[in-house]
Amino acid sequence: MTPEVTFVGTATTVLRVGGFTLLTDPNFLHRGQRAYLGKGLWSKRSTDPALTIGQLPALDAVVLSHLHGDHFDRVARRGLDRGLPIVTTPAAERKLRRWGFQAATGLPTWRSYELHRGAETLRLTALPGQHGPGVVDLLMPDVMGTLVDLEQAGERRFRLYVTGDTLRRPQLAQIPQRFPDIDAMLIHLGGTRIAGILLTMDAKQGADLVELIRPQLTVPIHYDDYPVFRSPLRDFVEQARRRGFARQVRTVHRGETVPLTPPA
């Protein structure tokens, strides 16, 4: 089966990789509802998700980059199966378990969690991320990227990098050093700004990361669902055009399913 992604909205996707189905960063609030961003800050959603929790396929696991209200909201907290494995940061694991999600697993950076089905293994590895600049990051929840590796009969068949809400920081250079040959990247963009401080990659930082990682395909997500997202998708597409990797970018609309294989 060709790896594919269904874009639900914000950073919420349904990933189908081999025989496995993953949900990422579940945000099911609707237009006009407010997401809690911590420290007394809220942002009102501008869009509707393409799916409800009741419309999701059977899931093998949830991949959660961090605990912010636009990545794991009160709808997800109420509606998701409490027995579903959630692969996330150690800090998020502790809170999720207090909420009753006893299958939550927190991964320190570079540690892995595996799912098995027949001759297939899906390995989820926590990658570095930094949600805020300098000391501001200390006020933000811990965040991780995730490497998704599919192996069949012991041979790697597909490698996906899901960035999480990180800025472009020097520690990300370790990712292509440790894990070359990344087939596809789901990149969290949006240029989130609160009080003028950049908290997620804008178009320029996103393009810089593409040039660092050099995936065969990049699919941008997390770019227009909240007013705090200040860097529109068109700016990233223009950066890709100017830098010569536009052919390796595939945009996806909410509700659309696209393959995670490079263009022919």
Side-chain angles (χ1 to χ4, degrees), residues 6-14 22-56 59 62-82 84 86-89 91-96 98-101 104 129-133 136-146 162-167 186-202 206 220-233 252-255:
T6 300
F7 183 36
V8 180
T10 317
T12 310
T13 70
V14 176
L22 305 176
L23 177 69
T24 67
D25 292 298
N27 179 204
F28 292 99
L29 296 174
H30 281 261
R31 181 186 296 131
Q33 293 182 305
R34 296 192 306 162
Y36 183 58
L37 304 181
K39 311 303 178 186
L41 298 172
W42 298 79
S43 188
K44 187 180 292 186
R45 187 164 185 170
S46 306
T47 65
D48 285 317
L51 298 173
T52 66
I53 288 178
Q55 293 172 319
L56 292 172
L59 300 172
V62 175
V63 174
L64 176 61
S65 63
H66 66 303
L67 266 182
H68 253 162
D70 60 332
H71 291 256
F72 194 95
D73 60 30
R74 55 190 177 274
V75 181
R77 181 176 171 180
R78 288 195 307 264
L80 287 177
D81 180 354
R82 297 297 174 95
L84 192 61
I86 302 178
V87 180
T88 188
T89 67
E93 177 200 354
R94 291 190 289 271
K95 183 169 285 189
L96 288 165
R98 289 198 299 269
W99 290 348
F101 292 93
Q130 183 177 327
H131 206 335
V136 173
D137 191 55
L138 300 177
L139 302 175
M140 305 294 288
D142 291 343
V143 66
M144 72 178 195
T146 306
V162 184
T163 68
D165 274 14
T166 186
L167 297 172
L186 281 183
I187 187 168
H188 292 205
L189 295 173
T192 305
R193 285 188 182 271
I194 297 177
I197 300 171
L198 187 68
L199 300 175
T200 64
M201 288 181 288
D202 58 13
I221 58 175
H222 190 276
Y223 53 78
D224 71 347
D225 296 278
Y226 290 88
V228 292
F229 296 173
R230 303 295 177 84
S231 181
L233 177 61
V252 58
H253 301 290
R254 275 176 293 277

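Only this structure's heavy atoms are used, side chains among them; waters, hydrogens and symmetry mates stay out. The shown structure was predicted, so the numbers you read here are calculated from the model rather than taken from an experiment.
Of the candidates H222, H66, H68, H222 is the only one forming a ring pair (Phe, Tyr, Trp, His ring centres under 6.0 Å) with H188. Checked options T10, D48, D225, T6; the residue passing with R254 is D225 (criterion: side-chain hydrogen bond (donor to acceptor under 3.5 Å, both in side chains)). Screening L56, T24, L22 against V14 for a side-chain contact (heavy atoms from CB on, under 4.5 Å) leaves a single residue, L56.
Side chain of T200 to main chain of L189: a donor-acceptor pair is present (N/O by atom type, distance under 3.5 Å, no hydrogens or angles). When atom types are taken as modelled, the side chain of H131 and the backbone of D142 share no donor-acceptor pair closer than 3.5 angstrom. For the pair R34 (side chain) and W42 (backbone), a donor-acceptor distance under 3.5 Å is absent. Under the 3.5 Å distance criterion, the side-chain polar atoms of R230 are left unmatched by any main-chain donor or acceptor of L198.
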Evaluation steps, side-chain contact (heavy atoms from CB on, under 4.5 Å), between L29 and Y226: CA-CA 11 Å; L29 296 174; Y226 290 88; 3.9 Å; yes
Verdict with reasoning, D224 to L233, per side-chain contact (heavy atoms from CB on, under 4.5 Å): CA-CA 8 Å; D224 71 347; L233 177 61; over 6 Å; no
CA sep, side-chain torsions, deciding dist, call: E93, I86, side-chain contact (heavy atoms from CB on, under 4.5 Å): CA-CA 8 Å; E93 177 200 354; I86 302 178; over 6 Å; no
Criterion side-chain contact (heavy atoms from CB on, under 4.5 Å) on L96 and T88, from CA distance to verdict: CA-CA 10 Å; L96 288 165; T88 188; 3.9 Å; yes
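If you take CZ on F28 and CD on Q55, they are separated by 9.5 Å, rounding to the nearest 0.5 Å. M201 contributes atom CE, which lies 4.0 Å from atom CD1 of I187 (distance to the nearest 0.5 angstrom). Distance check: I194 CD1 to M140 CE gives 6.5 Å after rounding to the nearest 0.5 Å. Residue L64 holds its CG atom at 9.0 Å from OG1 of T146, rounded to the nearest 0.5 Å. We find the CE-OG1 distance between M144 and T166 to be 12.5 Å, quoted to the nearest 0.5 Å.
Qualifying ring-ring contact (aromatic ring centres under 6.0 Å, His included) partners for F72, counting only residues two or more places apart in sequence or in other chains: F101.
The minimum heavy-atom distance linking Y223 with V252 is given by the pair OH-O, 3.3 Å. Considering all non-hydrogen atoms of both residues, P133 and L199 come closest at CD-CD2, 4.2 Å. Across S43 and P227, no two heavy atoms sit closer than the pair OG-CD, 3.5 Å.
No hydrogens or angles considered: nothing links the side chains of S65 and D165 as a donor-acceptor pair under 3.5 Å. Side chains of N27 and D73: a donor on one and an acceptor on the other come within 3.5 Å.
Looking only at side-chain heavy atoms (C-beta outward), T192 and S231 stay at 4.5 Å or farther from each other. Annotation: side chain of V162 is not in contact with side chain of V63 (no heavy-atom distance under 4.5 Å). A 4.5 Å side-chain heavy-atom check between L23 and L80 finds at least one atom pair inside the cut-off. Counting heavy atoms from C-beta outward, T12 and P49 have side chains that stay 4.5 Å or more apart.
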